[in-house]
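Since the structure comes first, as C-alpha cells, the remarks are kept for the end.
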Amino acid sequence: MAKVFINPGHCIGVDPGAVNGYYQVAEAEIVADVGSMVKHYLTVAGVEAEILQSDNLCGENPRWPNVCMEANNSEADVFVSIHCNGAQSESANGTEVLVYSKWSKSDSLAHCIQKQIVDAIGTSNRGVKARPQLAVLKNTNMPAVLVELAFITNMDDCELLITKKDDFARAIARGITDFFTKE
C-alpha cells in the first residue's frame, strides 16, 4: 500500500504563516483543515497517510517534532507540504507547486497535483517551479512537493481558500492517486 506524509505548513498558535487581515484568517489554520481532509480522502482511496504540522522543519525548534526527520522515518512514498501563498501585491494570485528539481519523480507528482487543483477550482496556473533551497524539499528522502494552494493575500483567492477547502483537499488527493497510478 502506498503511503503519503502530509505536512500542513506553519503551526497553529506558534507560527500563523501568511495572514489575511480583512478575512481574519491565517495560513496555518487553512492548511491544517485542508491537510486533514487530504488525509481522509487518501485513506478512503486506500492510501495510508500520516500528517504532521510542526514549527520544526529540520531541528531548529526542538520543542516540536522535526518534520523532515519524522517524514524520513515514516517510510512514506511521497511527501506533500501544503501552504497558502502570500505577496506584497494583492493582485498576485493562483496555484503553484514547488519541487527540489525538475524532471524528477517530485516534478511528476507536482504536475499531477497542479493539474487537479487548477482544473477543479479554476485558479490561475502558476506552474511547477524548482525551489531547491526549501528545507522540506531539500531534506526529505522521498519525492517531495510543496503545494501553494492560492494567495491568501489576494481577496478572490482568499475567498476560495475559505470556501473551497474540501475542493482543494479532494484535488490534492486525486493528484496524489494519479501519480501513484502512473508509477
Side-chain angles (χ1 to χ4, degrees), residues 1-12 15 17 27-62 64-84 95-121 128-149 164-183:
M1 176 189 315
K3 183 173 182 183
V4 178
F5 193 96
I6 303 163
N7 166 236
H10 306 281
C11 190
I12 295 172
D15 173 13
E27 175 180 7
E29 296 160 357
I30 289 171
V31 299
D33 291 345
V34 172
S36 293
M37 291 180 219
V38 170
K39 181 180 181 194
H40 167 75
Y41 291 123
L42 288 173
T43 303
V44 168
V47 176
E48 186 179 349
E50 183 175 335
I51 188 167
L52 174 62
Q53 186 174 36
S54 173
D55 192 44
N56 181 6
L57 299 180
C58 297
E60 66 278 0
N61 189 346
W64 298 92
N66 181 316
V67 172
C68 293
M69 185 177 74
E70 295 287 331
N72 290 337
N73 291 336
S74 73
E75 299 182 12
D77 298 295
V78 298
F79 175 94
V80 179
S81 191
I82 305 171
H83 290 259
C84 300
T95 300
E96 62 190 23
V97 182
L98 310 176
V99 296
Y100 181 80
S101 64
K102 302 285 278 171
W103 302 283
S104 62
K105 285 188 177 187
S106 297
D107 189 52
S108 176
L109 172 61
H111 280 283
C112 290
I113 293 171
Q114 178 78 9
K115 179 178 180 359
Q116 285 290 342
I117 293 174
V118 170
D119 288 354
I121 297 161
V128 173
K129 299 175 180 173
R131 293 288 191 274
Q133 74 279 14
L134 296 178
V136 294
L137 303 179
K138 178 172 57 174
N139 296 306
T140 47
N141 298 334
M142 68 290 290
V145 298
L146 189 149
V147 180
E148 295 279 13
L149 299 171
K164 303 280 187 180
K165 291 178 194 173
D166 188 68
D167 295 326
F168 278 108
R170 287 175 188 265
I172 292 169
R174 280 193 310 271
I176 293 167
T177 57
D178 288 351
F179 171 76
F180 285 136
T181 58
K182 289 169 113 177
E183 284 297 298

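Fair warning: this is a prediction, and the values are worked out from it, not measured in the lab. Along the sequence shown, residues are numbered consecutively beginning with 1. All values below come from the heavy atoms of this structure, side chains included, with hydrogens, waters and symmetry mates left out.
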With a sphere of 6.0 Å drawn around NZ of K164, does it hold more than 12 non-hydrogen atoms of other residues, nucleotides or ligands?
no

Gap separating the [atom1] atom of [X] from the [atom2] atom of [Y], nearest 0.5 angstrom:
X: F180; Y: D77; atom1: CZ; atom2: CG; value: 5.0 Å
X: R170; Y: H40; atom1: CZ; atom2: NE2; value: 7.5 Å
X: M142; Y: S74; atom1: CE; atom2: OG; value: 4.5 Å
X: Q116; Y: H111; atom1: CD; atom2: NE2; value: 14.0 Å
X: C11; Y: E27; atom1: SG; atom2: CD; value: 12.0 Å
X: L137; Y: L57; atom1: CG; atom2: CG; value: 10.5 Å

On a heavy-atom basis, which atom in [X] and which in [Y] lie closest, and how many Å separate them?
X: T140; Y: C68; result: CG2-SG, 4.1 Å
X: N72; Y: N141; result: OD1-N, 2.7 Å
X: P143; Y: K105; result: CG-CB, 3.8 Å
X: M37; Y: A169; result: CB-CB, 3.3 Å
X: I117; Y: F168; result: CG2-CE2, 3.8 Å
X: A110; Y: V99; result: CB-CG1, 3.5 Å

Between [X] (side chain only) and [Y] (backbone N and O only), is there a donor and an acceptor less than 3.5 Å apart?
X: D15; Y: G17; answer: yes
X: S54; Y: P65; answer: yes
X: S106; Y: A144; answer: yes
X: N56; Y: N61; answer: yes

Beyond-backbone contact of [X] with [Y], side-chain heavy atoms, under 4.5 angstrom:
X: V34; Y: P8; result: no
X: I172; Y: I6; result: no
X: I176; Y: V80; result: yes
X: Q53; Y: V31; result: yes
X: D166; Y: Y41; result: yes

Would you call K3 and E75 a salt bridge, taking side-chain N to carboxylate O under 4.0 Å as the test?
no

Quick one: do R174 and D178 make a salt bridge, cutoff under 4.0 Å?
no

Residues in salt bridge (Lys or Arg N to Asp or Glu O under 4.0 Å) with K182, at least two apart?
none

Angle between ring planes, F79 versus F5, binned at 30° and 60°: parallel, tilted or perpendicular?
parallel

